[in-house]
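Not measured: the values here are computed from a predicted model.
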Amino acid sequence: MERQMSKPKHILVVEDIDVGRNAVTNTLKTRGYQVSSVPDAASMRALIDTETGIDAVVLDASHLGESGTSLAVYAKAHRLPVVMISGTKSAMVFAEQHGLQLLRRPFRAKQLDAALSKVMGSSIYGRAPA
């Protein structure tokens, strides 16, 4: 009997700064995730609207041409778990009020992995386990 390999989780990274986007993308790839990345709000919305295989969104909370908080609500409305990345007080308050996982800058790869595991395993953050 041949063993089935599970498909890696598909993570969408939304970050406007190339260096930050590349760092998060590379970190996730080395941890076994399939990763798509986009630099702005319009690209995120277009990908979410057309791609059905996204398992979670890692979202910079600022500088995307639109508020990161409104993008988090958009992703959550599509039943996608969200990890917001920020160090600002307003993002921390918003994440707490809206049941979103917040990863404070600076963070380590292990913390990012733990935050993703938490949101993908909990219906609290946007999608119930299958």
- prompt: Is there a donor-acceptor contact under 3.5 Å linking the side chains of Y33 and D113?
  reply: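 Yes, D113 and Y33 have a side-chain donor paired with an acceptor closer than 3.5 Å.
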
- request: Using the rule that two of Ile, Leu, Val, Met, Phe, Trp, Tyr join whenever any of their side-chain heavy atoms come within less than 4.5 Å, decide whether V38 and V73 are in one cluster.
  value: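 Cluster IDs for V38 and V73 match.
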
- prompt: Out of L80, V119, V13, V83, which residue meets the side chain to side chain contact (heavy atoms under 4.5 Å, CB included) rule with V57?
  reply: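 The residue from L80, V119, V13, V83 that satisfies side chain to side chain contact (heavy atoms under 4.5 Å, CB included) with V57 turns out to be L80.
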
- request: Taking atom CZ of R104 as the centre, report whether more than 12 heavy atoms of other residues, nucleotides or ligands fall under 6.0 Å from it.
  value: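 Open.
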
message: What I want to find out is whether R45 reaches E51 closely enough, with some N-O distance under 4.0 Å, to be called a salt bridge.
response: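 Salt bridge between R45 and E51, a charged N being under 4.0 Å from a carboxylate O: no.
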
message: For R21, is there an ion pair with D40 - N to carboxylate O distance below 4.0 angstrom?
response: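 No.
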
Measure the [atom1]-[atom2] distance between [X] and [Y] for me, rounded to the nearest 0.5 Å.
{"X": "L28", "Y": "T30", "atom1": "CG", "atom2": "OG1", "answer": "7.5 Å"}
{"X": "Q34", "Y": "K29", "atom1": "CD", "atom2": "NZ", "answer": "9.5 Å"}
{"X": "F107", "Y": "I85", "atom1": "CZ", "atom2": "CD1", "answer": "4.0 Å"}

message: Checking L116 against V58 for the side chain to side chain contact (heavy atoms under 4.5 Å, CB included) test, could you report, in this order, the C-alpha distance in whole Å, the side-chain angles of both residues, the deciding distance, and whether it holds?
response: CA-CA 8 Å; L116 278 167; V58 174; 3.8 Å; yes

- prompt: Can you find a pair of side-chain heavy atoms, one from L12 and one from M44, that are under 4.5 Å apart?
  reply: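 Yes, side chains in contact.
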
field: Sub-4.5 Å side-chain heavy-atom contact between L103 and Q111
entry: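 The answer is yes; the side chains approach within 4.5 Å.
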
- prompt: Hey, mind stepping through H78 and D49 against side chain to side chain contact (heavy atoms under 4.5 Å, CB included) and telling me if it holds?
  reply: CA-CA 9 Å; H78 283 78; D49 289 344; 3.5 Å; yes

- request: Start with the C-alpha gap between L102 and S86, add the side-chain angles, then the distance that decides, and say whether side chain to side chain contact (heavy atoms under 4.5 Å, CB included) holds.
  value: CA-CA 7 Å; L102 178 73; S86 182; 4.1 Å; yes

message: Main chain of I11, side chain of D55: is a donor-acceptor contact present, judged purely on distance under 3.5 Å?
response: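 Looks like no, no N/O pair under 3.5 Å.
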
Contact summary for [X] and [Y], nearest pair of heavy atoms:
{"X": "P8", "Y": "G32", "result": "CB-O, 3.1 Å"}
{"X": "L47", "Y": "S36", "result": "CD2-CB, 3.9 Å"}
{"X": "L59", "Y": "A72", "result": "CD2-N, 3.5 Å"}

task: Test side chain to side chain contact (heavy atoms under 4.5 Å, CB included) on K9 and M120 and set out the steps.
output: CA-CA 9 Å; K9 296 291 186 184; M120 288 189 289; 4.1 Å; yes

Salt bridge (charged side-chain N to carboxylate O under 4.0 Å, His left out) assessment of D60 paired with R105: CA-CA 10 Å; D60 178 28; R105 290 185 198 264; 2.8 Å; yes

